[in-house]
Enquirer: 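The structure's right below; bear with me while I get my questions together.
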Amino acid sequence: MTDAPLPAELLLDRDASDDLRREMVSALEGLGVRTARVRRAVGHRGAADIPWIMLASLPLQAFLSGLGAEAVKDSYVAFKDVVRRSSRTAGPAGTAGPAPRPLVLQDRRTGLRVVLEPGLPGEAYEALLVLDLARFSEGPLHYDREQGRWRSELDEAAG
C-alpha cells in the first residue's frame with residue numbers, strides 16, 4: 001500500500017473474541033496497517049450509535065485507495081473474510097446469539113464512518129475501493145443494495 005504503515009486503533013465490543021482480535025490485526029497488517037492500540041469498549045453507547053462489533057480508526061481514504069493494489073489482493077481477501085466472520089455471532093451450542101453486528105471503519109481525521117454490514121455483496125467492497133470519501137460530509141455511510149452504491153442518508157437529507 002504505502003512505504004510507511006498506516007496507523008490504526010481498534011476498539012472491540014466486549015463480545016468480540018480474542019481470536020477475532022488476532023485475525024483482524026493480522027488482516028490489517030497484511031494490508032499495510034500498523035495497529036497501534038487495541039482496546040475493549042467500556043460503558044454503553046447512545047441510542048443513535050451503531051451497534052458495532054469492532055471499530056477501526058485509521059486514515060480511511062489512504063487505506064481504501066491501497067486496497068485495490070495488486071500486491072495486496074490476498075490480504076484484501078483475508079480482510080473481507082475477517083469482516084464477514086466478525087459480523088457473525090452465535091450463542092452456546094445451537095442457541096441463537098445476538099443479531100449480527102457490523103465492523104465500522106472510521107476516518108481518523110474527519111470521523112466519517114463506513115459501516116461494513118453482515119453479508120455485504122462483493123460489489124459493495126469493489127465500490128468501496130474507488131469511493132471518494134471527500135464527497136461526504138456526514139456519515140455513516142451504508143451500502144444501498146437496491147441502488148448499488150454507498151450513501152449517507154444524512155448528506156442526502158441535508159442536500
Side-chain angles (χ1 to χ4, degrees), residues 1-13 16 20-21 23-39 41 44-88 99-159:
M1 280 182 38
T2 63
D3 292 338
L6 297 172
E9 289 188 29
L10 288 180
L11 184 58
L12 303 164
D13 185 82
L20 177 60
R21 176 190 54 80
E23 288 176 20
M24 181 54 74
V25 168
S26 176
L28 288 171
E29 285 175 355
L31 293 168
V33 174
R34 177 185 45 84
T35 304
R37 190 161 93 168
V38 179
R39 300 180 290 139
H44 64 80
R45 293 176 273 240
D49 286 342
I50 300 164
W52 44 259
I53 189 74
M54 187 181 309
L55 176 106
S57 176
L58 66 166
L60 193 51
Q61 190 69 66
F63 175 71
L64 295 177
S65 296
L67 284 179
E70 188 69 33
V72 298
K73 273 214 188 307
D74 290 340
S75 297
Y76 175 53
V77 170
F79 172 74
K80 288 193 308 186
D81 288 345
V82 173
V83 170
R84 286 186 181 117
R85 283 194 309 277
S86 73
S87 64
R88 291 186 210 128
R101 292 176 287 162
L103 181 139
V104 176
L105 301 175
Q106 176 176 288
D107 185 68
R108 167 171 270 184
R109 187 178 54 80
T110 66
L112 186 67
R113 290 182 173 186
V114 174
V115 180
L116 302 177
E117 295 159 342
L120 278 178
E123 56 266 14
Y125 289 97
E126 298 306 315
L128 188 59
L129 296 180
V130 295
L131 188 64
D132 178 9
L133 296 177
R135 294 185 12 227
F136 303 96
S137 58
E138 297 282 330
L141 304 183
H142 293 270
Y143 187 74
D144 185 319
R145 294 166 195 253
E146 195 170 298
Q147 295 183 24
R149 66 182 179 97
W150 287 93
R151 57 189 285 231
S152 166
E153 291 177 353
L154 293 177
D155 275 353
E156 292 169 9

Enquirer: Nearest 0.5 angstrom please: Arg39 CZ to Leu12 CG, how far?
Expert: 10.0 Å
Enquirer: Kindly state each residue pair satisfying ring-ring contact (aromatic ring centres under 6.0 Å, His included) with at least one member in residues 130-159, sequence neighbours excluded.
Expert: Tyr143-Trp150
Enquirer: Using every non-hydrogen atom in the two residues, find where Pro102 and Glu117 come nearest and quote the distance to one decimal.
Expert: CB-CA, 3.9 Å
Enquirer: Taking the side chain as every heavy atom from C-beta outward, state whether Leu120 and Lys80 have any atom pair closer than 4.5 Å.
Expert: no
Enquirer: Applying side chain to side chain contact (heavy atoms under 4.5 Å, CB included), run through Leu55 and Arg113 and close with a yes or a no.
Expert: CA-CA 9 Å; Leu55 176 106; Arg113 290 182 173 186; 3.8 Å; yes
Enquirer: For residues Arg108 and Pro59, report the shortest heavy-atom separation together with the two atoms involved.
Expert: CB-N, 4.2 Å
Enquirer: Sub-3.5 Å donor-acceptor pair from the side chain of Asp155 to the main-chain atoms of Glu138, do we have one?
Expert: yes
Enquirer: What are the two closest non-hydrogen atoms of Ala56 and Leu10, and how far apart are they?
Expert: CB-CD2, 3.5 Å
Enquirer: Measure the spacing between OG of Ser152 and CG of Asp144 and express it to the nearest 0.5 Å.
Expert: 12.0 Å
Enquirer: How about CZ on Arg109, more than 12 heavy atoms from neighbouring residues, nucleotides or ligands closer than 6.0 Å, or not?
Expert: no
Enquirer: Is Leu116 close to Phe79 at the side-chain level, that is, under 4.5 Å between some pair of heavy atoms?
Expert: yes
Enquirer: Rounded to the nearest 0.5 Å, what separation is found between the CG atom of Asp107 and the OG atom of Ser57?
Expert: 7.5 Å
Enquirer: State, yes or no, whether a side-chain contact exists between Leu103 and Met24 at a heavy-atom distance under 4.5 Å.
Expert: yes
Enquirer: How far does CG of Leu128 sit from CG of Leu60, to the nearest 0.5 angstrom?
Expert: 7.5 Å
Enquirer: Give, for atom CD of Glu126 and atom CG of Leu131, the distance between the pair rounded to the nearest 0.5 Å.
Expert: 13.0 Å
Enquirer: Between atom CG of Leu6 and atom CZ of Phe63, what is the distance when rounded to the nearest 0.5 Å?
Expert: 8.0 Å
Enquirer: Taking all non-hydrogen atoms of both residues, which atom of Arg145 and which atom of Pro121 are closest, and how far apart?
Expert: NH1-CD, 3.5 Å
Enquirer: May I ask you to check whether over 12 heavy atoms, not counting those of Glu123, lie within 6.0 Å of atom CD?
Expert: yes
Enquirer: Checking the side chain of Gln61 only, and the main-chain atoms of Leu133 only, is there a donor and an acceptor separated by less than 3.5 Å?
Expert: yes
Enquirer: Is the shortest heavy-atom distance from the side chain of Val82 to the side chain of Leu20 under 4.5 Å?
Expert: yes
Enquirer: How close do Val115 and Pro140 get, counting heavy atoms only, and between which atoms?
Expert: CG2-CB, 3.8 Å
Enquirer: Val38 and Val25: side chain to side chain contact (heavy atoms under 4.5 Å, CB included), yes or no, with the steps?
Expert: CA-CA 9 Å; Val38 179; Val25 168; 4.0 Å; yes
Enquirer: Where do Gly30 and Ser75 come nearest, in terms of heavy atoms and distance?
Expert: O-OG, 3.0 Å
